[in-house]
Amino acid sequence: MTDLESVLNDRLAVAFAAVAGAPADPVVRRSQHADFQADGALPLARRLGRAPRDVAADALARADLADLVATAQISGPGFINLTLRDDALAGLLGVMSGDERLGVPTAAVPETVVIDYSAPNVAKELHAGHLRTTVIGDAAARILEWLGHDVRRANHIGDWGTPFGMLIEHLLDLGETEAMQELSVGDLNGFYQAARVKFDADPVFAERSRGRVVALQAGDDTTLRLWRLLVDESEKYFLAAYDKMGITLTADHFYGESYYNDMLDPVVDALDGLGLLRESDGAQCVFPRGFTGRDGEPMPIIVRKRDGGYGYGATDLAAIRHRTQDLKATWLLYVVGSPQQQHLEMVFQCAREAGWLAAPARAVHVGFGQVLGADGKKLASRAGDTVKLVELLDEAVIRAAAIVREKNPDLDAETRAEVARMVGIGAIKYVDLSSDRIKDYAFDWDRMLSFSGDTGAYLQYTYARINSIFRRGGVVPDRSAAVLLDQPAERALAMELLGFAAVVTDAAATLQFHRLTGYLQHLAGAYTAFYENCPVLKSEGAVLASRLLLCDLTARVIAQGLDLLGIETPERM
RNA sequence: GCCCUCGUAGCUCAGGGGAUAGAGCAACGGUUUCCUAAACCGUGGGUCGCAGGUUCGAAUCCUGCCGAGGGCACCA
């Protein structure tokens, strides 16, 4: 346990409880006036009808802090300012240094977590609109997995529905080999648009397409084979994009809409059996409590359309039921844009009413805002089209390569290409993860690729500089060396390092990953002050060993922290 | 019309009911015989959209208003 804040909190909670005669939150926070402050005496004083400073003094007298705290002072109206002992910090850093997990504990209660993210449509490009769900969802998967949860990635691709009638007919028109050729070069949009144009312009083609939809739903062998060809080609393309992007989704994670086809009848029957199903305008609907529409009437989830086909609501409900009942998941994450908030809340409510989402299981909408262009409107190409995701990635890498070439001409071409890839992809992921996800953000190449400020590249640079010290000195840090914290910058760095466990736990619990990026920036800032004030290689003996350990620990935390966000760290740049 | 989200320094954004609201960028001034100057130090810059309320204490919680965006039946 290297998490100072929770250690202090636990110790003080005992003392506060003794004073209060009941559990009481000591309200421990980082402080500008000391290392930490505990503010719990103020609200407690009101409850007890005593003077706040008395309560603080009482709690402090009962607290067992001698091994951790050097000085504890009561300040202002009743704040307790705590300054920690240097040897306590050094001891905890020693523990952290010797721990592969850097002091971050695994979850007390490991859960089965399903993370629904990315979800592109078959026969369509991944575009800028898929950026956030893919990046955020992957970060969630990495963090929760690292904390010991059983993470099930679910890529809910759009692989079913009426568009496949026209897509299959278009495939037949082209001929299979020709069509596969076209799809394999990655021109998915062109294929889709050509089908669309024919569907709109040619009534005969449209009629064939509708017939093909019927055949598909009826399970016709030939039709299913052709459908599978389309899905397989698209999946290959998606996997190539994920690979380029450093996303952990693989072929094992495709659970498209079609995966739930066989579950739809049972789901509708179950809803009917529960008395939740009602007919409205010829459609079979569920009306979850608490939602009214434009007309003031209850809003439906349409599980079966007037034409007899299933609505997406049916698939969503089937997925929830499958995840909680078959997979035994207790934590369902939906990494989906904010506009779908209401729809998801309705589905969750419906699942609760059906008994498919009962405690401890819960579903969370991990919503996010839009990516905007420099003009403040939805990101689009100059021609107004959607921007292809792979083109965005390629441009980031090209731009990063140009900057790396300019800043460090000594790197050989191969290293430079590798660094550019890490920096370019990392820059895109970093901006996406570094602000509150619910807000929109504007895509700005110059800012995101700037190598100073709150960017991924700055963290990568800090990491590379640390490695440079080891390389220059020809030294390997001794991870069991004694830690000395004589300089203020060393002590400040130690405080930051010891905050890692709390921030990872917190980011996972709240699914607010910008807290982790913010922490890493602070850490890099503390390291830089250390770097400026505490020469490493010019020091000797125990000081050298201690400083090498601090460098090593900082590098490990940065690398681990960025890895949890899906961002790589180059050894030099 | 109803519902949801957002509004903090010139710009981009942090801010878990606690003390004097913080970073980065930009601006201005400075730092290099020294481990990557892709860096660092300093300076200026704020009616926390507005108005009430709750509280010992509000950027933070509640209500109303203003502004921006989004959602509200057979696409997902």
Any base atoms under 4.0 Å from [X], or only sugar-phosphate, or nothing? Heavy atoms, all strands.
X: Gln521(A); result: nothing
X: Pro300(A); result: base
X: Thr528(A); result: sugar-phosphate
X: Ala464(A); result: base
X: Asp25(A); result: nothing

Subject >> Heavy atoms from other residues, nucleotides or ligands near CZ of Arg399(A) exceed 12 (cutoff 6.0 Å) >> reply: yes
Original post:
Any chance the side chains of Gln370(A) and Tyr441(A) put a donor and an acceptor closer than 3.5 Å?
Top reply: no
What's the closest nucleotide to the [X] side chain, out of [options]?
X: Ile302(A); options: A73(B), A38(B), C35(B); value: A73(B)
X: Ile469(A); options: A37(B), C35(B), C72(B); value: C35(B)
X: Arg472(A); options: U36(B), A39(B), C4(B); value: U36(B)
X: Arg294(A); options: G1(B), G71(B), A38(B); value: G1(B)
X: Lys439(A); options: U8(B), G16(B), G22(B); value: U8(B)
X: Gln342(A); options: G71(B), A73(B), C35(B); value: G71(B)

Examine the base of [N] for any acceptor or donor lying under 3.5 Å from a partner atom in the side chain of [X], and report the outcome as yes or no.
X: Tyr461(A); N: A38(B); answer: no
X: Ser75(A); N: A19(B); answer: yes
X: Gln340(A); N: G70(B); answer: no
X: Ser435(A); N: A14(B); answer: no
X: Asp440(A); N: A68(B); answer: no

**OP:** Could you tell me whether Arg30(A) and Glu5(A) have a side-chain N and a carboxylate O separated by less than 4.0 Å?
**Re:** no
Subject >> Proximity of His322(A) and Tyr259(A) rings by center, below 6.0 Å >> reply: yes
